[in-house]
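FYI, the numbering just counts along the sequence from 1. Quick caveat: nothing in here was measured; it's all calculated off a predicted structure.
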Amino acid sequence: QVGPDYRGRTGGGIESVIKTYSENFPGTLFLGSYSEGNKFHEIIYTCKFFLSFTRFMIVKKDIKIVHIHSASDMSFIRKSLTMMIARLFGKKTIMHMHGSTFRVFYEKAGIFRSVIRRLLKCNDLVICLSPQWFDFFSNLIPAAKLRIVNNPVPAPAMNISRQQNGVVKFLFLGRIGNRKGIFDLLKAMSLLNPELRRSANLTIGGNGEVQKLQELIKSLALQDCVNYAGWVDGQLKTELLAAADVYILPSYNEGLPVSILEAMAYGLPIISTPIGGIPEVVKEGINGFLVEPGNIQQIIDKIEKMIKSPDLPPEMGKASLQTVKPFTADSVFPVLDTIYASLLVK
């Protein structure tokens, strides 16, 4: 497998998927293609990757399939070059498309759209994350070359025992920036009914535009109900998911966020937006609510609904546990195993 180095600090959904595959799927060898840092660091890391990858192709002749995890923009360009090197050495290639902004990337490509289509078509198989993305990619390449594979989520790492103390605990985990809708969420928190606001607490975890986040929390006087937890992974992430009552992610662009699936595996209801594959796992009024991207009033309404109806979060959380079952490793790995086996016999 090739993709962003999950052993580093990039910390996105792709890394979580690769980590689950690498640690649990037998016979997987992983090579990191990208590690977040300053531009010089990223260039050096990428150059080292291509040298290492080419050496792997020459030396490790038992490698039959190269499973490439890609997003959009520069990620897709790097991964397409990886694909071409792999095919030069006679390897089967799978391009696993995670990019939440790939549609935008493709539409802005202009005269290079045909190049993108050809690069995708060069692979033996392209994996996408949901029926909606399948429909999109089937307009670019033959449907016979496409497969939907759910993102795998691990089982909760600790027992869940939520305390009902009259305060509804909302949790946001993700890249701090406009795309994830975090600044819309802060504005919504500031406009909550003052009586209800005393019954709400929002914890935010992630990296990115941290200074802007902290300045907005201060300027909106949200210190009493919003807590920035910093970079979240490992044990802290487990503890926050186990303690939360509602997961909220009002994104503008997504594929199918692993963070939503992880939250569902911890029995959390979801407030999110109807983009990418999210509507396929978040069912309105059943295991959460969907709000239009950028619609702050809708975010306010759904937060207040969760606060006013204390029985609602645990009821919806039970529905999340049922909905997420097809995304457990036990369900996903047999599908991936079948894909690998089918490529090996061709």
Side-chain angles (χ1 to χ4, degrees), residues 11-17 71 98-101 129-130 132-133 150-151 153 168-189 200-210 213 216-217 226-233 237-238 240-306 313 316-317 319-320 323-324 327:
I14 302 179
E15 290 86 344
S16 178
V17 171
H98 297 266
S100 61
T101 59
L129 304 180
S130 70
Q132 186 181 76
W133 280 107
N150 292 331
N151 278 334
V153 291
V168 178
K169 296 179 285 295
F170 295 86
L171 178 64
F172 171 100
L173 299 176
R175 183 82 176 177
I176 307 301
N178 287 321
R179 185 175 74 82
K180 293 288 186 178
I182 181 58
F183 303 129
D184 294 337
L185 177 54
L186 289 182
K187 291 173 186 175
M189 290 293 294
N201 179 272
L202 170 65
T203 298
I204 299 168
N207 58 7
E209 298 178 54
V210 173
L213 175 79
L216 193 56
I217 291 173
V226 176
N227 170 53
Y228 174 57
W231 172 260
V232 171
D233 62 0
K237 181 179 179 181
T238 296
L240 290 177
L241 285 167
D245 297 305
V246 179
Y247 188 77
I248 184 163
L249 188 74
S251 292
Y252 285 80
N253 288 294
E254 291 290 353
L256 180 54
V258 174
S259 66
I260 282 182
L261 299 174
E262 289 176 333
M264 290 169 62
Y266 276 77
L268 293 179
I270 311 297
I271 298 176
S272 192
T273 47
I275 54 169
I278 293 175
E280 289 150 26
V281 295
V282 180
K283 304 300 182 181
E284 177 70 22
I286 297 175
N287 69 321
F289 297 111
L290 296 170
V291 299
E292 293 301 318
N295 193 318
I296 294 172
Q297 186 57 53
Q298 287 185 5
I299 298 173
I300 294 170
D301 292 343
K302 301 312 179 187
I303 289 175
E304 291 188 347
K305 192 172 184 69
M306 291 293 193
M316 287 186 162
S320 282
T323 305
V324 82
F327 297 87

Nearest 0.5 Å, please: how far is [atom2] in [Y] from [atom1] in [X]?
| X | Y | atom1 | atom2 | answer |
| --- | --- | --- | --- | --- |
| Ile286 | Ile270 | CD1 | CD1 | 14.0 Å |
| Met189 | Ile204 | CE | CD1 | 8.5 Å |
| Tyr266 | Thr238 | OH | OG1 | 4.0 Å |
| Ser272 | Lys180 | OG | NZ | 9.0 Å |
| Ile275 | Glu292 | CD1 | CD | 10.0 Å |

Where is the tightest heavy-atom contact between [X] and [Y], given as atom of each residue plus distance?
| X | Y | value |
| --- | --- | --- |
| Glu262 | Ser16 | OE2-OG, 3.2 Å |
| Gln132 | Gly277 | OE1-N, 4.2 Å |
| Asn287 | Ala319 | CB-CB, 3.7 Å |
| Asp233 | Trp231 | OD2-NE1, 2.9 Å |

If you define the side chain from C-beta out and look only at heavy atoms, does anything of [X] sit under 4.5 Å from [Y]?
| X | Y | result |
| --- | --- | --- |
| Leu173 | Lys237 | yes |
| Leu202 | Ile248 | yes |
| Leu249 | Phe172 | yes |
| Pro257 | Ile278 | yes |
| Leu213 | Leu186 | yes |
| Lys169 | Thr203 | no |
| Asp301 | Phe289 | no |

Margin query: Working note: Arg179 + Ser100, criterion side chain to side chain donor-acceptor pair (under 3.5 Å); need CA distance, chi angles, decisive distance, verdict.
Written below: CA-CA 10 Å; Arg179 185 175 74 82; Ser100 61; 2.8 Å; yes
Checklist line | Ion pair Glu209/Arg175, N-O distance below 4.0 Å | finding: no
Please check this pair: side chain of [X] against backbone of [Y], looking for a donor-acceptor N/O pair closer than 3.5 Å.
| X | Y | result |
| --- | --- | --- |
| Asn151 | Leu256 | yes |
| Tyr228 | Gly206 | yes |
| Thr323 | Val281 | no |
| Glu254 | Gly276 | no |

Next item on the list: Using the side-chain hydrogen bond (donor to acceptor under 3.5 Å, both in side chains) rule, pick out the option among Asn178, Asp184, Thr273 that qualifies with Tyr252.
Entry: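 That would be Asp184.
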Next item on the list: For the pair Ile303 and Leu185, evaluate side chain to side chain contact (heavy atoms under 4.5 Å, CB included) and give the outcome as yes or no after the intermediate values.
Entry: CA-CA 10 Å; Ile303 289 175; Leu185 177 54; 3.9 Å; yes
Note to self: Apply side chain to side chain contact (heavy atoms under 4.5 Å, CB included) to residues Ile299 and Ile271 and explain how you reach the verdict.
What the structure shows: CA-CA 8 Å; Ile299 298 173; Ile271 298 176; 5.5 Å; no
